[in-house]
Amino acid sequence: MRTSFQVSLSVWKALFLREAVFRLSTGRAAWFWLLLEPLSHVLMLMVLFGFVYHKVVNGIDGVIFIMTGLLGYFTFIRTATQCMNSVSANIALFTFRQVKPVDTVLVRAMLEGFIMLISIIVLLLGLSLFNYNVIPEYMLGVILSFLGLWLLGMGCGLVFSVGKELVPEIGNIINLLLRPLYFISGIMFPAMIVPQPYRSILMLNPLANGLEILRGSFSSSYHIPPETSLAYLFGSAIVLIYFGLALHLRFSRQLSSL
Amino acid sequence: MIVVKDVYKRYKSEHGPGKWVLQGLSFTIPSQTSVGLIGSNGAGKSTLLRLIGGIDQPSRGSVKRKCRVSWPLGFGGGLQGSLSGRQNTKFICRIHGHEDEIKERMKFIQDFAEIGEAFEEPVKTYSSGMRARLTFAISLAFKFDVYLSDELTSVGDAVFRKKAQQAFKDLAQTSGLIMVSHDANVLKEFCKVGIWLNNGQAHWFDKIDDALNSYHQSYTK
């Protein structure tokens, strides 16, 4: 007999490989589209900032500014939305008693994080060909802020996935609420240009904290607001993950029945 | 041994909770017993099978499994259409056991299913017979104490059906079996005990023939 933990581990491995193979085997050159999809938006705005608008934003090169903001944002949003939809997408798999709804969410988060990691590396390597300095000044800060944003996405995904399954209308509301996040997270503007007291309100958004730290770690010449806090980002992520796991435990019965 | 204790089940419908499908079922299935579930369409046979298999949870009451119980064999519910037969098979092997057993199991499944090169093609391109062959082969590759089967033995062409029935018979001799079928001959062949589901209640019969008789009497009246 296998222990519960061994069963979970083998389920995670199987789900991860299955999902990865699925993503890589749909359509021609699926690996190319898989990488291009998160990057296309970033690339377009980078070209815009590089050729049309080229200037320094708040102490950092405009291209690097927009790239870090969007990559951080996509790490969060893609993880969150993928996780949110994973329960309904994998409903057929609950035929097997070993597979729990929470497994599919966690595995999707891991896969999405993995895809973003590769996308980020490819983009940075590509950018280095254009003579940009892509080596962050403070590597650990960059890694930590990406990790925090990813965890935040996973936490949101865990919570949303339960909400959406129990009350389908919640899914629509979440989609509506996520859209303005693009504009209030400081992707297109540095947080420093927002005057007080509004900046304190802006920095209540953990996503904005993550993006500012990401840029500040990339280049020390970027000015970040004094109230920015990495601990706040991780704190929100941990609270959300805890809450999401608790919801999954509480409603596991409702989630796995069709 | 499977202990079903005071199980109630109803599903969510568009307008709040639906009607009760199962109402207060209690019985114990001893190990190594072959049970046939009988009842009209919508009586809750498949629901009960899913509850025993642990795929679905009862609204009230509990189902305790003190042995290894399979998933309900039969319809290829867990197969993903866009993945190949091999990829699907590998996934099921992975969640069911240790890494080192996968190779032999894959080989066994491929040999038993006899679907040739289609094993490498996406499952959505399969005919229903090929699909049934694959699901049946997969279910035979794992050793369970109790097998759950939902209209399983009536699959594939004549040659395969014969082979499947033989394999199933061998299985029934060493393991427990809980099967849903509308074919009285199949039930008589494989099952000793019968459970007749009627109006949300379960009636236990020590002989499958008695269960079939009561079922027939209920609708010929």
Side-chain angles (χ1 to χ4, degrees), chain A residues 1-28 30 34 86-104 106-108 111 164-169 248-258, chain B residues 9-12 14 17 46-47 49-60 62-63 65 67-84 86-99 101-102 120-124 135 138-139 142 144-145 148 150:
Chain A
M1 282 298 254
R2 297 180 294 169
T3 62
S4 314
F5 185 64
Q6 280 175 313
V7 175
S8 284
L9 274 186
S10 57
V11 166
W12 287 347
K13 186 182 173 195
L15 278 172
F16 186 89
L17 291 171
R18 173 197 173 95
E19 193 110 343
V21 165
F22 174 65
R23 294 269 195 98
L24 286 174
S25 62
T26 43
R28 270 180 289 187
L34 196 68
S86 63
V87 175
S88 44
N90 289 304
I91 211 147
L93 295 184
F94 304 144
T95 317
F96 307 109
R97 202 165 49 241
Q98 293 86 343
V99 184
K100 300 283 175 218
V102 69
D103 293 329
T104 64
L106 294 177
V107 164
R108 275 220 172 164
L111 183 66
K164 188 179 162 239
E165 285 312 306
L166 294 184
V167 188
E169 289 78 10
H248 266 275
L249 198 62
R250 169 68 184 78
F251 294 108
S252 60
R253 204 179 232 211
Q254 285 89 330
L255 285 177
S256 54
S257 39
L258 309 172
Chain B
K9 179 68 186 176
R10 64 177 170 191
Y11 288 101
K12 265 189 296 188
E14 300 273 302
S46 297
T47 302
L49 205 67
R50 291 165 53 86
L51 291 179
I52 292 174
I55 298 156
D56 212 342
Q57 306 295 324
S59 313
R60 263 189 250 159
S62 69
V63 178
R65 290 171 292 273
C67 49
R68 284 170 58 98
V69 181
S70 79
W71 67 93
L73 319 173
F75 42 25
L79 296 182
Q80 164 123 35
S82 52
L83 294 182
S84 74
R86 178 184 295 282
Q87 288 162 342
N88 272 300
T89 309
K90 214 163 195 173
F91 172 75
I92 296 170
C93 288
R94 278 201 184 107
I95 62 173
H96 276 95
H98 297 289
E99 200 69 9
E101 298 160 353
I102 289 180
E120 316 293 342
E121 298 294 318
V123 169
K124 64 181 171 200
T135 33
I138 292 173
S139 52
F142 299 96
F144 292 106
D145 298 325
L148 309 179
D150 199 337

*Measuring from Lys13(A):NZ to Ile95(B):CD1, what's the distance to the nearest 0.5 Å?*
13.5 Å

*Roughly how far, to the nearest 0.5 Å, is NE2 of His96(B) from OG of Ser10(A)?*
9.5 Å

_Once rounded to the nearest 0.5 Å, what's the spacing between atom CZ of Phe22(A) and atom CG of Leu83(B)?_
6.5 Å

*Identify which part of Ser84(B) has an atom lying under 4.5 Å from any heavy atom of chain A, answering side chain, backbone, both or neither.*
neither

*asked:* So does Gly53(B) get a backbone contact from the side chain of Arg97(A), meaning a donor-acceptor N/O pair under 3.5 Å?
replied: yes

*asked:* Can you confirm whether more than 12 heavy atoms, excluding those of Lys164(A), are under 6.0 Å from its NZ atom?
replied: yes

_Val21(A) vs Phe91(B), side chain to side chain contact (heavy atoms under 4.5 Å, CB included): CA-CA, chis, key distance, verdict_ = CA-CA 11 Å; Val21(A) 165; Phe91(B) 172 75; over 6 Å; no

*With only heavy atoms counted, which part of Leu15(A) is less than 4.5 Å from chain B, the side chain, the backbone, both or neither?*
both

*Euclidean distance, Arg94(B) CZ relative to Arg18(A) CZ, rounded to 0.5 Å*: 11.0 Å

